[in-house]
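Written below as structure tokens is the structure these notes are about.
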Amino acid sequence: MYSLKNKNIIVTGSEGLIGKSIVKNLIRNKAKVFLIDIKKTNNDKIKNYYYCDLTNKDLVSQLSKKIIKKAKYINGLINCASVQDKIEDKKNFLNSKFENLSIESWDHMIKGNLNSLFICSQVFGKYLIKKKNSFIINFSSTYGMVAPDNSIYKNKFNKQIFYKNPAYPASKGAVISFTKYLAAYWGNKGLRVNCISPGGVKNNQDKLFIKKYSEKTILKRMANVDDISNTVNFLASDDSNYITGANIVVDGGWTSI
Ligand SMILES: NC(=O)c1ccc[n+]([C@@H]2O[C@H](COP(=O)([O-])OP(=O)(O)OC[C@H]3O[C@@H](n4cnc5c(N)ncnc54)[C@H](O)[C@@H]3O)[C@@H](O)[C@H]2O)c1
């Protein structure tokens, strides 16, 4: 447990798989959380939820004023919103082939993963630098460091059923360098900027996929959401006060072998 008492923290992508776990964990550690997503929340108990398209700077600017009016100050921003193609979503295989990929699909992912990060960091960053020990946590991926191994996306007949969109690794690689840029830029203001690179998180994928994925990790399993949100708690707490510009890899050793 880390004490995050009196910390006001914004979580984007709060309705996603990892976002939900982050929110739960931050609240358990006594933080006050402000949630933003383009997906409507189905949790009536959540008070501070805001619907917003984070790729639209005007909307994010308006929203920031609303949040600041209510929160008075913010200590942290967790940029977890993202556009991705997951194997469990069972998208059309032919469209996922690089040769067939549309520029619209590339643009959509680059915009969703990078423009949103740029906009949120810029808009909320100006409030964060007013507080001591403030932080931004970005989300990259193992695929921001190494290429997707497409052999894990084959069915039991050894037939390819999915390819990861190349805009995903391209955008996630950029998240790591953008994190370093911001850490260096805002270091003199005491604002720490770090990045987490999760490996694949278990989420109703089929058994064969889970088996293939697990075999490629040192710990022989996929991540649980808590593995990721526990790391968020550490980076959000004062226990990580000397860590900035880092990419914390939470992948069970996938990228180490
Ligand atoms: N799940 C994994 O296995 C995994 C692995 C590696 C990295 N990651 C990274 O972790 C982060 C969280 O992943 P996740 O699995 O929770 O993703 P998710 O797809 O479950 O959730 C992402 C959330 O972002 C929201 N979002 C997307 N575009 C938005 C926009 N324009 N404005 C506002 N909200 C928007 C979506 O509505 C969704 O609720 C992502 O950055 C992802 O790339 C996830």
Side-chain angles (χ1 to χ4, degrees), residues 10-25 34-43 46 49-60 63-64 77-89 91 107-121 123-124 136-146 148-149 152-153 162 164-165 167-176 178-179 194-205 209-210 213-214 216-217 221-229 231-232 235 247-252 254-255:
I10 293 174
V11 180
T12 75
S14 59
E15 299 310 298
L17 177 67
I18 295 176
K20 278 188 180 150
S21 171
I22 292 175
V23 169
K24 211 168 70 191
N25 234 328
F34 295 82
L35 293 70
I36 312 177
D37 204 296
I38 200 170
K39 204 194 281 172
K40 286 254 158 64
T41 184
N42 51 15
N43 187 344
I46 296 283
Y49 163 80
Y50 301 89
Y51 173 90
C52 186
D53 177 359
L54 297 166
T55 63
N56 182 320
K57 189 172 171 189
D58 290 342
L59 293 180
V60 178
L63 178 59
S64 70
L77 166 68
I78 301 172
N79 283 314
C80 195
S82 144
V83 178
Q84 52 176 324
D85 48 344
K86 295 181 179 177
I87 188 169
E88 57 267 33
D89 294 341
K91 285 250 176 71
D107 279 347
H108 177 65
M109 203 169 274
I110 294 289
K111 212 172 147 192
N113 289 345
L114 290 179
N115 292 26
S116 60
L117 198 69
F118 165 80
I119 292 170
C120 288
S121 305
V123 169
F124 293 111
I136 295 178
I137 300 171
N138 294 325
F139 269 84
S140 178
S141 162
T142 46
Y143 289 164
M145 295 179 289
V146 296
D149 176 354
I152 61 170
Y153 304 121
F162 175 78
K164 199 84 183 163
N165 187 325
Y168 188 71
S171 57
K172 291 298 168 180
V175 170
I176 299 173
F178 180 62
T179 298
N194 292 297
C195 165
I196 295 177
S197 287
V201 178
K202 210 169 169 189
N203 178 33
N204 299 321
Q205 296 94 347
F209 176 80
I210 294 176
Y213 195 100
S214 303
K216 284 190 57 92
T217 67
R221 67 171 177 87
M222 294 188 77
N224 299 315
V225 273
D226 287 352
D227 294 323
I228 315 301
S229 52
T231 310
V232 168
L235 285 178
N247 177 27
I248 310 287
V249 184
V250 189
D251 70 346
W254 167 291
T255 52

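Both ligands and their constituent atoms are indexed starting at 1 by order of listing. Quick caveat, the model's predicted, so the values are computed rather than measured.
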*asked:* Which residues pass the side-chain contact (heavy atoms from CB on, under 4.5 Å) test with L114, not counting sequence neighbours?
replied: I110, S171, A174, V175
Identify which of [options] has a heavy atom lying nearest to [atom].
| atom | options | answer |
| --- | --- | --- |
| atom 42 (C) of ligand 1 | Y143, Y213, Y51, Y168 | Y168 |
| atom 35 (C) of ligand 1 | L54, N113, I38 | I38 |
| atom 2 (C) of ligand 1 | V201, I119, V175 | V201 |
| atom 39 (O) of ligand 1 | I18, D37, I22 | D37 |

*Name the orientation class of the two ring planes belonging to F34 and Y50 (parallel below 30°, tilted from 30 to 60°, perpendicular beyond 60°).*
parallel
*Specify whether Y143 and W254 have parallel, tilted or perpendicular ring planes, treating 30° as the upper limit for parallel and 60° as the lower limit for perpendicular.*
perpendicular
Would you say [X] has any N or O atom under 3.5 Å from an N or O of ligand 1, going by distance alone?
| X | value |
| --- | --- |
| S141 | no |
| S82 | yes |
| A81 | no |
| L17 | yes |

Distance filter under 4.0 Å to [X] heavy atoms, resulting ligand 1 atoms:
| X | result |
| --- | --- |
| G200 | 3 (O) |
| K39 | 37 (O), 39 (O) |
| C80 | 11 (C), 12 (C), 40 (C), 41 (O) |

*Which residues share a salt bridge (Lys or Arg N to Asp or Glu O under 4.0 Å) with D251, sequence neighbours left out*: none
*Side chain, backbone, both or neither: which part of C52 has a heavy atom under 4.0 Å from ligand 1?*
backbone
